[in-house]
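What follows is a short report on a single structure.
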Amino acid sequence: MKIITTYLMFIIISFVFFIGCSSDKQKWYRGNTHAHTVICGHADSTPEFVTAWYHSHGYNFLILSEHNHFIDPDTVKKPTELDNEFILIPGEEVTGKKIIHTTAMNINKIVDWKSESENKTDIIQYHVDGTIEAGGQAILNHPNYKYAVGASDIIDVENLYMFELYNGHPKVNNEGDENHLSTEEIWDSLLTAGMKIYGVASDDAHHFHTIDSAHSNPGRGWVMVNALELTPAAITNAMTDGKFYASSGVFLEELTVTSDYIKIIIDEVKTTEQISKENMNGRSSTDSTNEFSLEFIGDGGKIIKTINSSSATYNFDKSQKYIRAKIIVRRNNRFGAIEEFYAWTQPVFFDGR
Ligand SMILES: [Zn+2]
Ligand SMILES: [Zn+2]
């Protein structure tokens with residue numbers, strides 16, 4: 001991977017800045033945290049096929065996140081022709097009451113899903129606690145699937161640092177509707193209320209053999225993680241610290257984040273190649289003027305600044321509690337409509353979080 005390796009994360013503790021630099025060894029790793037196999041009974045490929053698909057499509061890591069079933073990576077035969085670094089991170093999709101699903105990432109045993117409570121916050125907390133007890137970290141999945149989970153259900157959950165901002169399954173309602181917030185609006189609501197929670201994009205892939213917009217195909221949502229090494233622990237820790245971006249089609253050539261500014265350069269070649277693939281579903285757009293937009297978003301989800309360019313450096317407005325960037329790439333699809341694809345950087349906090 002030739003993506004720029006400079007990524008400066010900062011942490012504010014008691015109003016004191018601690019700025020840490022990434023070393024030359026730090027790299028960007030592409031991964032999918034959510035995929036299913038024939039083991040669940042409603043997906044079309046074996047663990048070996050799914051693993052080989054991600055490996056052959058340039059990914060570096062994958063979680064085989066089966067419903068209430070722990071797939072031990074040691075039992076999955078991996079491709080012998082390993083031309084790029086690739087690992088399986090052990091995981092499970094904890095599939096509980098009230099349609100609450102949680103990816104248990106980097107666990108060492110199965111996580112129980114049978115919480116006693118009927119309260120949604122309690123159920124999410126049960127998944128999170130069980131995941132941490134199994135040595136991992138939790139990602140709350142597809143909150144808008146059947147509109148099961150709202151911001152008020154999430155805000156009081158402790159030790160939850162990630163949720164699915166984008167899920168590639170066609171039935172998960174990422175965009176919300178007239179009565180429900182989009183997942184991005186849920187995120188801004190949580191961030192504005194003081195939660196430290198990062199946005200993940202994943203495939204939730206089920207169908208590797210029927211490719212169309214009605215099926216849950218691989219390759220639509222992924223994360224790009226900035227980590228010291230490609231191990232389950234290093235990737236999980238980096239994501240829990242927010243050292244990644246989420247994508248529904250956009251690759252970045254550079255992402256540099258310091259305590260003062262964020263610098264973004266879109267990788268136009270890789271992005272064009274990716275969003276031209278038949279499995280890619282964009283969000284419909286009315287902007288026929290700008291191919292690229294970089295939005296810098298603060299408290300309440302308000303867009304503080306828009307730069308219609310494929311690259312920019314933005315100096316943070318530190319009067320905000322947080323700032324995050326949304327990278328937008330538009331294209332005309334084969335039906336003549338304009339579609340948008342995104343990358344989302346993680347929020348930088350200015351309120352001591
Ligand atoms: Zn699910
Ligand atoms: Zn799933």
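Ligands are counted one by one from 1 in listed order, and the atoms in each one are counted from 1 as well. Keep in mind it's a predicted model, so treat the numbers as computed, not measured. Basis for what follows: all heavy atoms, side chains included, without hydrogens, waters or symmetry-related copies.
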| field | Sub-4.5 Å side-chain heavy-atom contact between Glu229 and Gln26 | value | no
| message | I'd like to know whether the aromatic ring centres of Phe49 and His209 sit less than 6.0 Å apart in this structure. | response | yes
| remark: Protein-derived N, O or S atoms lying less than 2.8 Å from the Zn ion (ligand 1), waters not counted, sum to 3
| said: Check whether Asn68 reaches the backbone of Thr95 with its side chain - one donor and one acceptor, N or O, closer than 3.5 Å. | reply: yes
| request: Return yes if some donor-acceptor pair links the side-chain N/O of Asp212 with the main-chain N/O of His215 below 3.5 Å, else return no. | output: yes
| Strictly by modelled atom types, are Asn173 and Tyr145 linked by a side-chain donor-acceptor pair under 3.5 Å? | no
| query | the Zn ion (ligand 2) is nearest to which N, O or S atom of His36? | reply | NE2
| request: Classify the angle between the aromatic ring planes of His36 and His42 as parallel (below 30°), tilted (30 to 60°) or perpendicular (above 60°). | output: tilted
